[in-house]
Enquirer: 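Here it is: the structure, laid out below.
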Amino acid sequence: MRIHRLDPDVVSKVAATEIIGSPVNALKEILENSLDAGATNIEIAVKDGGFKLLQVTDNGDGIDQEDLAILCERHTTSKLKTIKDLETMDTLGFRGEALASISHISHVSVVSKTKQARTATRAEYEAGKMTSQKPIAGVQGTVIAIEDLFFNTPSRVKALKGRSNEEYQKILDVVCRYAINYAGTFSCRRDNSGQPYVIAGATAKDKIRRVYGPSVANDLIEINLEGDESIGLKSVSGYVSNADYFSKKGANFIFFVNDRLVSSEALRRGIQKLYSQYVPKGAFPFVFLSLKIESDRIDVNVHPSKREVRILDETEVVDTVVAGIEHYLSNQDAGRKYKVQSFIASSSMPISSVDRPTSAQKYEHHLVRTDPQQSTLTSFARTPIKPRENINLPPSDEESSESSSIPPSNDHQVLEFKPMALASIAALKQEISDHSSTKLTKIVTNHSYIGLVDVSKSLAAIQYDVRLYLIDYHEMSLHLFYQIALTDLANFGTVSLGDGLAIAELLEISGKDVKPPPMLLTMAPMLQDYFRITIKEKDDQMVVTQLPLLLENYNLPVARLPDFFVDLAQLEWADEQKCLGGICMALAKLHQPVAPSASEIETILNSAKRRLVATNQLGSSIVEIANLPGLYRVFERC
Ligand code: ADP
Ligand code: MG
């Protein structure tokens, strides 16, 4: 077959469809032009997902009337002059290609007025050329209208047919993201519908609240990181969700580099990995970050629609950002931990002596595995984990899914004293702090989970620093749940047992000769108030209808219920400290896992990471089995 020269019109259309793949690409280009022109009020109108009309009205600088003739010619721009300018580009556009491309595949019209011009001018374009121009009345700013996008590229129209809804959502998404990063008011109107969607607000957080709702905005940490000159990172600011935020819908990452909306796979991966250590599996963060980087260290010209930028020393930049966010997250975590640690305030172990991960932490690609998401030993284990023996409780009611953040309910008799102020509870906490071990707490706080080792002996492998440990998670969970019970007293989440379980029957199942103690009914208000254990009399029987759930997303092992009531039946009710301590211990035993799944063990270990003050009694439950320096000496390699 012979080679022939392509018709320039075909070349233009091919080039145009490469830059403008769908309406959202065109919208992004004209929106960026408005932002480059310094606009603070931007109104967008979209018809039929942008296929029929995309129109942006701004109050920016406007276009000089004499420039309108070449506005849509290829490579006409007011932003770039020499190739050197590319190194210091601080505008979003620079190639002078967008409007030219768009004009080859749609009908473009422009109305614009600069501050100096006496009137506005309206101009129309086809295939890069201006076809008409006339003065009209207008205010400062620019209106760009793109009609019938892809009218002359039938294959593209076919590929995007019936996608008007999706396209509109994509457009709205880009508008919202820009609105969050830029000051000013943005509005988006669809198919001439009544009210436009307006995104306004004094701060980025206000706009995040507007777009993503209070459930996101209320759980945000403001990030402000100083830069690192050595890698050209000038500053990092933004908002990220805290460890309490819980979205199952998927992560929301919004990255701006030098005020340019970009997608960065490296940043996304690094941050997602970090969050996996702080939030339960299946929960995703919300992240909005604005990075300012020396412009000569980024290359903005690597992607047709400028979606990506190339950053010099990207790995170091990502590490610095991730470590910075980690600092904020772990501080929040220390705040939470204070609840547990408050009772050791007078102890020999100051909070600061517990290593929280700091920016000096090593990351996965720096030799030591720290990411619990990575494949773990369990993925290779031959012995299948036994199926759960316990019957799961009915799904917890809505309230219980909120766990410890739920305030104690008020629908019962209010007792005179505040539980947290109880001297008996304080004494029990003091007992823990008297026996706390800084070394063991450090290991638990900073560990990475490796995998299950022996289910029958409840052993898991964890790593701390360069050492490998075996941990008896069964024993550790007893300490953890006991401490949670003491600390969260009166603030537990709950599990509803529906119509209730007869306590006499549970005691019978236990096989021990114990009768339901009447004290349980006498003390029912206290049990309800402090422990959220609801015990009632029903048809002459004592029934339990609600139990506390000490850990969110945890299945209470029903198999332990009979023993739980045996423990309650044996309480010394007359001694406040022994009584409350006994109930906390009974609750801890009730929560100890029975044939747990790997993910439940991870949930427990993650919680221990945040909350456990390890005492010396755990000494025999956390045993070092190897250390890397030792192994290096043996194998002389890493
Ligand atoms: P680029 O943005 O890469 O320069 P474009 O094709 O997007 O190329 O735009 C060409 C030129 O048109 C811009 O350089 C700018 O001077 C001008 N322009 C486009 N839109 C606007 C606007 N909304 N306000 C002011 N000037 C604009
Ligand atoms: Mg542009």
Enquirer: Would you say Asp36's side chain and Thr91's backbone share a donor-acceptor pair under 3.5 angstrom?
Expert: no
Enquirer: Working to the nearest 0.5 Å, report the span between CG of Leu31 and CG of Leu261.
Expert: 9.5 Å
Enquirer: Taking the ring of Tyr245 and the ring of Phe286, is the distance between their centroids below 6.0 Å?
Expert: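 Centroid separation for Phe286 and Tyr245: 6.0 Å or greater.
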Enquirer: Do Asp259 and Ser290 have side chains that get closer than 4.5 Å, going by heavy atoms?
Expert: yes
Enquirer: For Ser607, check side chain to side chain contact (heavy atoms under 4.5 Å, CB included) against everything at least two apart and list the hits.
Expert: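 Side chain to side chain contact (heavy atoms under 4.5 Å, CB included) list for Ser607, sorted by chain: Leu480, Ile484, Leu551, Arg611.
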Enquirer: Distance check, rounded to the nearest 0.5 Å: His435 atom NE2 versus His479 atom NE2?
Expert: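 Taking NE2 in His435 and NE2 in His479, the distance rounds to 11.5 Å.
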Enquirer: Considering only heavy atoms from C-beta outward, does the side chain of Val444 approach that of Tyr464 to under 4.5 Å?
Expert: no
Enquirer: Would you please name every residue forming a ring-ring contact (aromatic ring centres under 6.0 Å, His included) with Phe255, sequence neighbours left out?
Expert: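 ring-ring contact (aromatic ring centres under 6.0 Å, His included) check on Phe255 returns Phe253.
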Enquirer: SG/Cys584 to NZ/Lys429 distance, rounded to the nearest 0.5 angstrom?
Expert: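 Rounded to the nearest 0.5 Å, the SG-NZ separation comes out at 9.5 Å.
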Enquirer: Tell me whether Asn25 contacts the main-chain N or O of Ser22 through its side chain, where contact means a donor paired with an acceptor under 3.5 Å.
Expert: yes
Enquirer: Among residues at least two apart in sequence or on other chains, which ones pass side chain to side chain donor-acceptor pair (under 3.5 Å) with Gln592?
Expert: His474
Enquirer: Do we see a donor-acceptor contact under 3.5 Å between the side chains of Gln430 and Ser433?
Expert: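 Their side chains do contain a donor-acceptor pair, which is all the 3.5 Å distance test asks for.
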Enquirer: Does any part of the side chain of Asn606, heavy atoms only, come nearer than 4.5 Å to the side chain of Thr603, both counted from C-beta?
Expert: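 Thr603 does not reach Asn606 side chain to side chain.
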Enquirer: Not counting sequence neighbours, which residues clear side chain to side chain contact (heavy atoms under 4.5 Å, CB included) with Asn616? List them please.
Expert: Ser437
Enquirer: Side chains of Asn41 and Phe186: does their closest heavy-atom pair fall under 4.5 Å?
Expert: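 Sidechains of Phe186 and Asn41: no contact.
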Enquirer: Checking side chain to side chain contact (heavy atoms under 4.5 Å, CB included) for the pair Val211/Ile199: CA distance, chi angles, key distance, verdict?
Expert: CA-CA 7 Å; Val211 175; Ile199 311 144; 3.9 Å; yes
Enquirer: Do Asn242 and Asp219 have a side chain donor and acceptor closer than 3.5 Å?
Expert: yes
Enquirer: Side chain to side chain contact (heavy atoms under 4.5 Å, CB included) for Ile622 and Ile443? Distances and angles first, verdict last.
Expert: CA-CA 9 Å; Ile622 303 173; Ile443 297 171; 4.2 Å; yes
Enquirer: Out of curiosity, Thr487 OG1 to Tyr482 OH, how far, rounded to the nearest 0.5 Å?
Expert: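 If I round to the nearest 0.5 Å, the distance is 10.0 Å.
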Enquirer: What is the distance from atom CZ of Arg610 to atom OG1 of Thr445, rounded to the nearest 0.5 Å?
Expert: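 Arg610 CZ to Thr445 OG1: 11.5 Å, rounded to 0.5 Å.
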Enquirer: Check step by step if side chain to side chain contact (heavy atoms under 4.5 Å, CB included) holds for Leu35 and Leu92.
Expert: CA-CA 8 Å; Leu35 292 167; Leu92 299 168; 3.9 Å; yes
Enquirer: Nearest heavy-atom pair of Arg209 and Asn218: which atoms, and what distance?
Expert: NH2-OD1, 3.2 Å
Enquirer: May I ask you to decide if Asn224's main-chain N or O and Tyr328's side chain share a donor-acceptor pair within less than 3.5 Å?
Expert: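 It does hold such a pair.
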Enquirer: Are the side chains of Asp299 and Leu312 in touch, meaning some heavy atoms are under 4.5 Å apart?
Expert: no
Enquirer: Can you find a pair of side-chain heavy atoms, one from Ser621 and one from Leu618, that are under 4.5 Å apart?
Expert: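 Yes, at least one pair of side-chain atoms sits under 4.5 Å.
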Enquirer: Apply ring-ring contact (aromatic ring centres under 6.0 Å, His included) to Tyr178 and list each qualifying residue two or more places apart in sequence or on a separate chain.
Expert: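 In terms of ring-ring contact (aromatic ring centres under 6.0 Å, His included), with neighbours along the sequence ignored, Tyr178 is linked to Tyr182, Phe256.
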Enquirer: Among all residues two or more places apart in sequence or in another chain, which pass the side chain to side chain contact (heavy atoms under 4.5 Å, CB included) test with Phe284?
Expert: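 Expected list: Ala251, Gln272.
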Enquirer: List for me each residue that meets salt bridge (Lys or Arg N to Asp or Glu O under 4.0 Å) alongside Asp296, sequence neighbours excluded, and say none if there are none.
Expert: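 Applying salt bridge (Lys or Arg N to Asp or Glu O under 4.0 Å) to Asp296 gives none.
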Enquirer: Would you say the side-chain atoms of Gln463 pair up with the backbone N or O of Tyr469, donor to acceptor, closer than 3.5 Å?
Expert: no
Enquirer: Could you check Ser330 against Tyr278 for side chain to side chain contact (heavy atoms under 4.5 Å, CB included), going step by step and ending with a plain yes or no?
Expert: CA-CA 9 Å; Ser330 61; Tyr278 286 86; 3.4 Å; yes
Enquirer: Can you confirm whether the side chains of Asp206 and Thr203 place a donor and an acceptor under 3.5 Å from each other?
Expert: yes
Enquirer: Quick one: does Arg532's side chain have a donor or acceptor within less than 3.5 Å of a partner on Phe492's backbone?
Expert: yes
Enquirer: Output all residues satisfying side chain to side chain donor-acceptor pair (under 3.5 Å) with Asn258, sequence neighbours left out; order by chain, then residue number.
Expert: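 Residues passing side chain to side chain donor-acceptor pair (under 3.5 Å) with Asn258: none at all.
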Enquirer: Provide the closest heavy-atom pair for Ser187 versus Val198 in the form atom of the first, atom of the second, distance.
Expert: CB-CG2, 4.0 Å
Enquirer: If the condition is salt bridge (Lys or Arg N to Asp or Glu O under 4.0 Å), which residues does Glu294 pass it with, not counting sequence neighbours?
Expert: none
Enquirer: Is it true that Ser458 and Asp472 share a donor-acceptor pair across their side chains at a distance under 3.5 Å?
Expert: yes
Enquirer: Tell me yes or no: between the side chains of Ser34 and Asp58, is some donor less than 3.5 Å from an acceptor?
Expert: yes
Enquirer: How would you list, by chain and number, every residue that makes a side chain to side chain donor-acceptor pair (under 3.5 Å) with Glu314, sequence neighbours excluded?
Expert: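 For Glu314, no residue satisfies side chain to side chain donor-acceptor pair (under 3.5 Å) once neighbours in sequence are set aside.
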Enquirer: Answer yes or no: is there a side-chain heavy-atom contact under 4.5 Å between Tyr197 and Arg190?
Expert: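 When only atoms from C-beta onward are counted, Arg190 and Tyr197 do not touch, as no gap falls below 4.5 Å.
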Enquirer: Hey, are the side chains of Leu27 and Ile44 touching, using non-hydrogen atoms and a 4.5 Å cut-off?
Expert: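 When only atoms from C-beta onward are counted, Ile44 and Leu27 do touch, with a gap below 4.5 Å.
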Enquirer: Hey, which of Asp319, Val318, Ile325 is the one that makes side-chain contact (heavy atoms from CB on, under 4.5 Å) with Val322?
Expert: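 Exactly one pass, corresponding to Val318.
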Enquirer: Quick check: does any side chain N or O of Lys292 sit under 3.5 Å from a backbone N or O of Val236, one acting as donor and the other as acceptor?
Expert: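 No.
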Enquirer: Take a 6.0 Å sphere around CD of Glu265 and say whether it holds more than 12 heavy atoms from other residues, nucleotides or ligands.
Expert: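 Enclosed.
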Enquirer: Drop me the distance from Ser276's OG to Glu602's CD, to the nearest 0.5 angstrom.
Expert: 9.0 Å
Enquirer: Has Tyr554 got a side-chain atom pairing as donor or acceptor with His591's backbone, closer than 3.5 angstrom?
Expert: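 Yes, the answer is positive, given that a donor and an acceptor are paired below the 3.5 Å cut-off.
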Enquirer: Output all residues satisfying side chain to side chain donor-acceptor pair (under 3.5 Å) with Tyr239, sequence neighbours left out; order by chain, then residue number.
Expert: none
Enquirer: Table please: side-chain donor-acceptor pairs of residues 168-175 below 3.5 Å, with sequence neighbours left out.
Expert:
unit_1, atom_1, unit_2, atom_2, d
Lys170, NZ, Glu167, OE2, 3.4
Asp173, OD1, Arg177, NE, 3.4
Asp173, OD2, Arg177, NE, 3.0

Enquirer: For the pair Tyr449 and Tyr473, evaluate ring-ring contact (aromatic ring centres under 6.0 Å, His included) and give the outcome as yes or no after the intermediate values.
Expert: CA-CA 11 Å; Tyr449 175 60; Tyr473 56 81; 8.8 Å; no
